[in-house]
Chemist: 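The structure that follows is given in the form of structure tokens.
Convention: sequence-line order gives letters A, B, ...; per-chain numbering from 1. Here the structure is a predicted model, which is why all the values come from computation and not from measurement.
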Protein chains: 2
Amino acid sequence: MPEIPRNTRQRRAVTAILDDLDGFASAREIHDVLSKRGESVGLSTVYRTLQALVDAEELDALRADDGETRFRRCSTGHHHHLVCRQCGRTVEVEGPTVERWADSVAAAHGYADVSHTLEIFGTCSTCRA
Amino acid sequence: MPEIPRNTRQRRAVTAILDDLDGFASAREIHDVLSKRGESVGLSTVYRTLQALVDAEELDALRADDGETRFRRCSTGHHHHLVCRQCGRTVEVEGPTVERWADSVAAAHGYADVSHTLEIFGTCSTCRA
DNA sequence: ACCGAGAGTGAGAATCGTTCTCATGAGACG
DNA sequence: CGTCTCATGAGAACGATTCTCACTCTCGGT
């Protein structure tokens with residue numbers, strides 16, 4: 001069973017925010033935006049909804065250096081991110097060469113079930129102004 | 001001034017543990033090993049010492065998926081890690097091609113001050129037995 | 001439309017890793 | 001040896017996330 005979630009006001013509100021955003025946002029940031037819009041949603045519910053969307057692979061989660069996990073609506077399939085440190089603006093990138101390199105390095109050292117994490121950070125042209 | 005730290009019993013105990021380990025270990029794990037050895041060191045001190053060593057670039061820190069930060073004595077210079085999910089056994093790897101690829105991708109999208117994170121995870125041959 | 005079962009919600013408590021506070025302890029150096 | 005600090009550690013505080021549980025609302029059946 002594909003576990004179809006109920007269509008509640010809160011879920012609609014959260015997904016609406018995610019549609020508007022084009023960068024990564026933390027649970028607290030999303031909760032704050034909702035409050036400002038007058039669409040009160042409990043923080044627990046924000047976390048639950050985000051986690052459900054991540055499980056459904058509709059969101060990408062990314063743990064920042066400050067310990068906060070940030071979320072963003074992303075395309076399906078394996079890809080990496082080029083993220084602006086200032087504003088969070090994000091470009092999805094693919095690197096077939098990197099994938100192959102990682103797999104071959106792991107195999108060369110006898111490691112199996114290989115996965116990897118790769119994120120690129122920088123300052124985007126807008127934020128440099 | 002290079003901020004030379006004092007040579008205390010606690011600092012010696014922590015660095016000794018790090019010398020023995022060859023994989024990544026969390027602050028709590030290190031604290032537990034110290035307790036078992038009878039070398040009681042406060043958890044705060046373990047954290048402080050680890051943080052100081054990271055700042056001095058004598059340790060690499062790596063935030064795992066479970067939220068814990070793990071530490072490991074590492075060679076200097078830019079490198080990445082191939083880490084066993086089970087036992088933490090780690091191989092340091094370099095990928096000049098990846099570095100160049102990341103920089104060029106970032107530049108192509110107008111991002112500056114580029115950095116990146118890249119870690120490879122797998123199951124090592126020993127743990128597969 | 002109207003039930004009714006059960007998933008969804010939310011306020012607050014709990015958890016977990018990490019950092020802070022501050023009174024006490026111990027290196028380093030003369 | 002004495003003194004000046006920095007280091008230590010027990011416990012409190014903190015910030016992100018998860019859990020609890022009584023109450024609410026959606027949805028499928030009638």
Side-chain angles (χ1 to χ4, degrees), chain A residues 1-18 21 23-56 58-72 88, chain B residues 1-18 21 23-56 58-72 83 88 119:
Chain A
M1 345 259 116
E3 293 284 341
I4 163 172
R6 286 188 183 173
N7 176 24
T8 66
R9 174 184 66 80
Q10 292 86 342
R11 183 171 293 260
R12 265 177 276 127
V14 171
T15 56
I17 300 277
L18 290 166
L21 260 48
F24 279 87
S26 71
R28 181 159 294 275
E29 283 164 356
I30 292 170
H31 180 257
D32 288 349
V33 174
L34 284 167
S35 298
K36 280 200 202 84
R37 287 197 188 178
E39 299 235 51
S40 168
V41 174
L43 187 54
S44 306
T45 301
V46 173
Y47 273 107
R48 260 188 306 242
T49 305
L50 290 171
Q51 195 52 60
L53 290 170
V54 169
D55 290 346
E58 288 186 42
L59 287 188
D60 275 12
L62 179 51
R63 206 184 298 263
D65 277 346
D66 64 359
E68 270 193 344
T69 304
R70 298 188 141 72
F71 304 86
R72 178 176 184 271
Chain B
M1 339 267 120
E3 292 286 342
I4 164 172
R6 285 187 185 173
N7 176 24
T8 65
R9 174 185 67 82
Q10 293 86 341
R11 184 169 291 258
R12 265 178 274 129
V14 172
T15 56
I17 299 277
L18 290 166
L21 260 48
F24 279 87
S26 71
R28 181 160 293 277
E29 283 164 356
I30 291 170
H31 180 256
D32 288 351
V33 174
L34 285 167
S35 299
K36 280 201 203 82
R37 286 197 188 179
E39 299 235 49
S40 168
V41 174
L43 187 54
S44 306
T45 300
V46 173
Y47 273 108
R48 257 188 308 241
T49 304
L50 290 172
Q51 195 51 61
L53 290 169
V54 168
D55 291 345
E58 289 186 42
L59 288 187
D60 275 12
L62 180 50
R63 206 184 297 264
D65 277 347
D66 63 359
E68 271 193 343
T69 303
R70 290 169 196 286
F71 304 86
R72 178 177 184 271
V83 188
E119 312 296 340

Chemist: Less than 4.0 angstrom between a side-chain N/O of A:R12 and OP1 or OP2 of C:dT9, yes or no?
Modeler: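 Answer no for this pair, as no side-chain N or O of A:R12 is under 4.0 Å from OP1 or OP2.
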
Chemist: Calculate the interatomic distance between A:F71 atom CZ and D:dT17 atom P; express it in whole Å.
Modeler: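 After rounding, the gap between these two atoms is 6 Å.
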
Chemist: If the cut-off is 4.0 Å, is B:T45 near the phosphate of D:dA7, judged by side-chain N/O to OP1 or OP2?
Modeler: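 Checking D:dA7 against B:T45, no side-chain N or O comes under 4.0 Å of OP1 or OP2.
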
Chemist: Which heavy-atom pair separates B:H31 from B:G42 by the least distance, and what is that distance?
Modeler: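 That closest heavy-atom pairing would be CD2-C, 4.1 Å.
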
Chemist: To check you understand the geometry: which heavy-atom pair defines the closest contact between B:A27 and B:L43, and what is its length?
Modeler: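 Reported closest heavy-atom pair: O-CD1, 4.4 Å.
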
Chemist: Confirm from the modelled atom types if A:R48 and D:dT18 form a donor-acceptor pair under 3.5 Å, side chain to base only.
Modeler: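 Donor-acceptor pair under 3.5 Å: no.
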
Chemist: Give a yes or no on whether A:R28 atom CZ has more than 12 heavy-atom contacts from other residues, nucleotides or ligands under 6.0 Å away.
Modeler: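 No - once you tally the heavy atoms of other residues, nucleotides and ligands closer than 6.0 Å, there are 12 at most.
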
Chemist: Looking at C:dG8, C:dG17, D:dT8, which one has an atom nearest to any side-chain atom of B:T8?
Modeler: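 Of the options given, the side chain of B:T8 lies nearest D:dT8.
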
Chemist: From the list D:dA16, C:dG8, D:dG9, which nucleotide is the closest neighbour of the side chain of A:P5?
Modeler: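 Nucleotide nearest to A:P5's side chain: C:dG8.
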
Chemist: Could you check how far CG of A:N7 sits from C1' of D:dC25, rounded to whole Å?
Modeler: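 Interatomic distance, CG of A:N7 to C1' of D:dC25: 12 Å.
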
Chemist: Does B:D65 offer a backbone N or O that forms a donor-acceptor pair with the side chain of A:R63 under 3.5 Å?
Modeler: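 Yes, the answer is positive, given that a donor and an acceptor are paired below the 3.5 Å cut-off.
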
Chemist: Side-chain N or O of A:Q10 less than 4.0 angstrom from OP1 or OP2 on C:dG8?
Modeler: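 It does not, given that no N or O in the side chain of A:Q10 lies less than 4.0 Å from OP1 or OP2 of C:dG8.
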
Chemist: Using only side-chain N and O atoms of A:R70, determine if any of them is under 4.0 Å from OP1 or OP2 of D:dA16.
Modeler: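 For D:dA16, OP1/OP2 do not have a side-chain N/O of A:R70 under 4.0 Å.
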
Chemist: When you check the phosphate oxygens OP1 and OP2 of C:dT19, does a side-chain N or O of B:Y47 lie under 4.0 Å from one of them?
Modeler: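 Indeed not, no polar side-chain atom of B:Y47 lies that close.
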
Chemist: Let me know, please, whether B:R9 or B:T69 comes out on the 5' side of the other along DNA chain C by nearest nucleotide.
Modeler: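 Nearest-nucleotide comparison on DNA chain C picks B:T69.
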
Chemist: Calculate the interatomic distance between A:Q51 atom CD and C:dT9 atom C1'; express it in whole Å.
Modeler: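 That distance rounds to 17 Å.
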
Chemist: Ignoring hydrogens, what is the shortest heavy-atom contact between B:F24 and B:E29? Give both atom names and the distance.
Modeler: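 Here B:F24 and B:E29 meet closest at O-OE1, 4.3 Å.
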
Chemist: Return the value, rounded to whole Å, for the distance between atom CD of A:E68 and atom C1' of D:dA16.
Modeler: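 My rounded result for the distance is 7 Å.
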
Chemist: With hydrogens left out and only the distance checked, is there a donor-acceptor pair under 3.5 Å joining B:R6's side chain and the base of D:dC6?
Modeler: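 A donor-acceptor contact between them is present.
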
Chemist: Using whole Å, report how far CZ of A:R63 lies from P of C:dG17.
Modeler: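 Computing the A:R63:CZ to C:dG17:P distance gives 12 Å.
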
Chemist: Rounded to whole Å, how long is the line connecting atom CZ of B:R28 with atom P of C:dG17?
Modeler: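 That distance rounds to 6 Å.
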
Chemist: Classify A:S26 by what it touches in the nucleic acid, base, sugar-phosphate, or nothing, heavy-atom distance under 4.0 Å.
Modeler: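 The answer is nothing, as A:S26 stays clear of every strand by at least 4.0 Å.
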
Chemist: Please state how far atom CZ in A:R11 lies from atom P in D:dC27, giving the value in whole angstrom units.
Modeler: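 Distance, rounded to whole Å: 11 Å.
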
Chemist: Measure CG/B:D32 against P/C:dC16 and give the value in whole Å, please.
Modeler: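 Roughly 14 Å, once rounded to whole Å.
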
Chemist: Is there a side-chain polar atom (N or O) of A:S44 under 4.0 Å from OP1 or OP2 of C:dA11?
Modeler: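 A:S44 to C:dA11 OP1/OP2: no side-chain N or O under 4.0 Å.
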
